[in-house]
Amino acid sequence: MTLNKRAFSLIFPIVLLGYVLAGGLAYYGYRAAVIGLQKARLDQEVFQLKSSYADYLSLGSRLLYVVRNSNAFLLFLNETDETYRTRALAVGIQDSLQSLDPRDDTFVSCSIFQPDGRLVFHSDNGQDPFSTAGERQRAFARAVIADEAPTRSALIVENDGLSYLLMSSLVQARTARQPVLSQREQAVLLQIAIRPVHFQALRTGLEAEYRTRIETSATPLAPNGELSAVVRLAPDLYARLTPPGSYLNGRFRKIAIISVAMSLSLSVASIGVLMVLVRRFVTGPVEELDRQVSGIMTQQSETIDVPGTGEVGRLAANVRRLHWELDQALKRTQRLYETDPVTGIGNRIYFNEMMERFFHEEKTTGQPVTMLFIDLDNFKMVNDEYGHRAGDALLEAVAHALVLALNETARACDAAPGIAARFAGDEFAVLVQAGPRTAYVQDLVRSILALFQGGFSVDGSRYPVTASIGVASAPEDATTTMLLLSCADHAMYHAKGSGRNTVAFHGDLPAFAWTGKSPRNR
């Protein structure tokens, strides 16, 4: 086991244990905070429920008081004609109800029961103001009469599923006042029913949000767990809202995952930092130097970073300098290998490599390749009459002119620039990624021929040199690099035989003139 592995085995469990403990404490702290915030929110929402219920309770008390003390109610109690009091005097009571609660969205009804529990009057502000009271409203009225309770309220749910807040009060039949014990058998029951729409909406919303029902009871309730809210809606009505245990599980599960991920991430980061320091100051810079030298030898890296000062630092600097000098020498050799020494442009080796690359792209992308094979006419005469120095200057000038014409044509046609190379002696070759009939190739041919109109001028001297150009393309004329070169060579000799200083396209040559062999070999 290496020193780095030993250090890792020692550091990892200690660091991991520390972050796991910190993550656990953070999780439980967050859990307590979430429960506290949710408990406060739950208490606030239950308090809003209580406030809404209290509003309806207050409305019921006021309605009960006003109706009980109204002249219409007193006349109703003292009237013996049932038909008259039901049809005529009930209108006064209904007007009293409407004047106290003129809103259209609150359903209010008034019912009067005889001591035997018989319903003798019912009026409401609904669509049918003289409809009868519900069965559970009647049952509550009979229970109040039986218990002889002076005043009682309750929240019931009728058979139609609607909730009603009931306010009931025993009233002396003659005086409309609260009866004494000896007169309770002659007292009637006045009952006000209110449909608490807003309260029921709040209750339904809370039950949907917390995915549980709100418990109600006539006896006091205690909180059921750490996340539970209890409220007293009325003197004899309590409500409790306890979300299920799964309500916060998703949030707790998420923070648990985050805590574990953070603990592991911080552990890994801390161990990484410690291992970096150990590797730097304990295992020593020699190992780093060995790694970098090995990377150079296996061609996985290109440079060496000096790890520090001292003997190892100086050794690393010397190795880096030696590597840099070797790399520069290799690049110079590569440039000399692919560059023509006379013209400074690419040579035949460079041209063949680029032609292989263009052919590969043609097979994968379908982009055609066109080759221009250029031979200088009367170049031997220049060498014989003016010397080889003048011939070399002419070749260099022609090469630079070809490169300039190639770049300008590509820029004018918004096309990718091709390559130009000296093929051999007075022969040049141009390779572009375009079809032979495109404007790019046509303009390039015209630009090259225009360079030799009236000869070619070099340093003020004009030489009677022209150019013969052969054009061939792939895949139209050839499917291999050797065949493309042979086709361009053949077309160039055809142009030379046609009077020179012209161009010949291999696709335009007669079929009998093409044998598949270069004219050089005939």
Side-chain angles (χ1 to χ4, degrees), residues 21-62 64 106 136-137 139-140 143-144 147 149-168 192-260:
L21 291 176
L25 293 176
Y27 168 76
Y28 283 106
Y30 175 82
R31 186 177 184 276
V34 169
I35 292 177
L37 291 175
Q38 190 62 43
K39 182 66 168 60
R41 178 191 174 194
L42 195 65
D43 290 339
Q44 182 181 9
E45 291 176 336
V46 171
F47 180 78
Q48 292 177 354
L49 190 70
K50 175 183 179 180
S51 298
S52 178
Y53 190 83
D55 291 340
Y56 285 107
L57 201 63
S58 174
L59 175 62
S61 298
R62 287 187 285 111
L64 191 65
T106 303
R136 296 191 179 182
Q137 296 181 42
F140 177 75
V144 173
D147 292 344
T151 303
R152 181 180 293 181
S153 65
L155 181 66
I156 67 167
V157 179
E158 270 296 353
N159 296 330
D160 57 1
L162 298 178
S163 298
Y164 292 89
L165 172 60
L166 302 181
M167 297 289 294
S168 300
I192 300 295
I194 303 175
R195 191 180 299 165
V197 179
H198 182 257
F199 170 81
Q200 190 60 35
L202 288 176
R203 179 176 182 176
T204 303
L206 290 177
E207 291 178 343
E209 178 182 357
Y210 293 103
R211 301 187 296 274
T212 187
R213 296 192 62 82
I214 296 178
E215 304 172 76
T216 57
S217 174
T219 59
L221 297 172
N224 186 14
E226 57 184 351
L227 186 60
S228 180
V230 177
V231 67
R232 185 181 184 185
L233 299 178
D236 54 352
L237 182 62
Y238 298 84
R240 180 173 61 191
L241 176 57
T242 304
S246 60
Y247 177 71
L248 294 178
N249 285 347
R251 188 179 302 181
F252 292 153
R253 188 181 300 111
K254 180 179 179 181
I255 192 59
I257 294 174
I258 294 176
S259 298
V260 172

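Values reported hereafter were calculated over all heavy atoms of this structure, with side chains retained and with hydrogens, waters and symmetry mates removed. If you're wondering where the values come from, they're calculated on a predicted model, not measured in any experiment.
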message: Could you check whether atom CZ of R213 has more than 12 heavy atoms from other residues, nucleotides or ligands sitting under 6.0 Å from it?
response: no
field: For R136, all residues meeting salt bridge (charged side-chain N to carboxylate O under 4.0 Å, His left out), sequence neighbours excluded
entry: none
task: Check side chain to side chain donor-acceptor pair (under 3.5 Å) between E158 and all other residues, then give those that pass, not counting sequence neighbours.
output: none
- prompt: Using a distance-only test with no angle check, is there a side-chain donor-acceptor pair under 3.5 angstrom linking E45 and Y210?
  reply: yes
message: Let's go through L233 and L57 carefully: what are the C-alpha distance in whole Å and the side-chain angles of both, what is the deciding distance for side chain to side chain contact (heavy atoms under 4.5 Å, CB included) to 0.1 Å, and is it a yes or a no?
response: CA-CA 9 Å; L233 299 178; L57 201 63; over 6 Å; no
message: Please check: side-chain N/O of R211 versus main-chain N/O of P243, any donor-acceptor pairing under 3.5 Å?
response: no
Main-chain N/O of F199 paired with S52 side-chain donor or acceptor, under 3.5 Å: yes
query: Taking Y56 for the side chain and H198 for the main chain, is one N or O donor matched with an acceptor at less than 3.5 Å?
result: yes
- request: For the pair R152 and D147, find out whether any cationic side-chain nitrogen is under 4.0 Å from an anionic carboxylate oxygen.
  value: yes
message: When you compare the side chain of Q44 with that of L42, does any pair of heavy atoms fall below 4.5 Å?
response: no
- request: May I have all residue pairs that pass salt bridge (Lys or Arg N to Asp or Glu O under 4.0 Å) and include part of residues 24-40, sequence neighbours excluded?
  value: R31-E226, K39-D43
- request: Determine yes or no for a side-chain-to-main-chain donor-acceptor pair under 3.5 angstrom, with S51 supplying the side chain and F47 the backbone.
  value: yes
message: Measuring only between side-chain heavy atoms, which start at C-beta, is T219 closer than 4.5 Å to Y238?
response: no
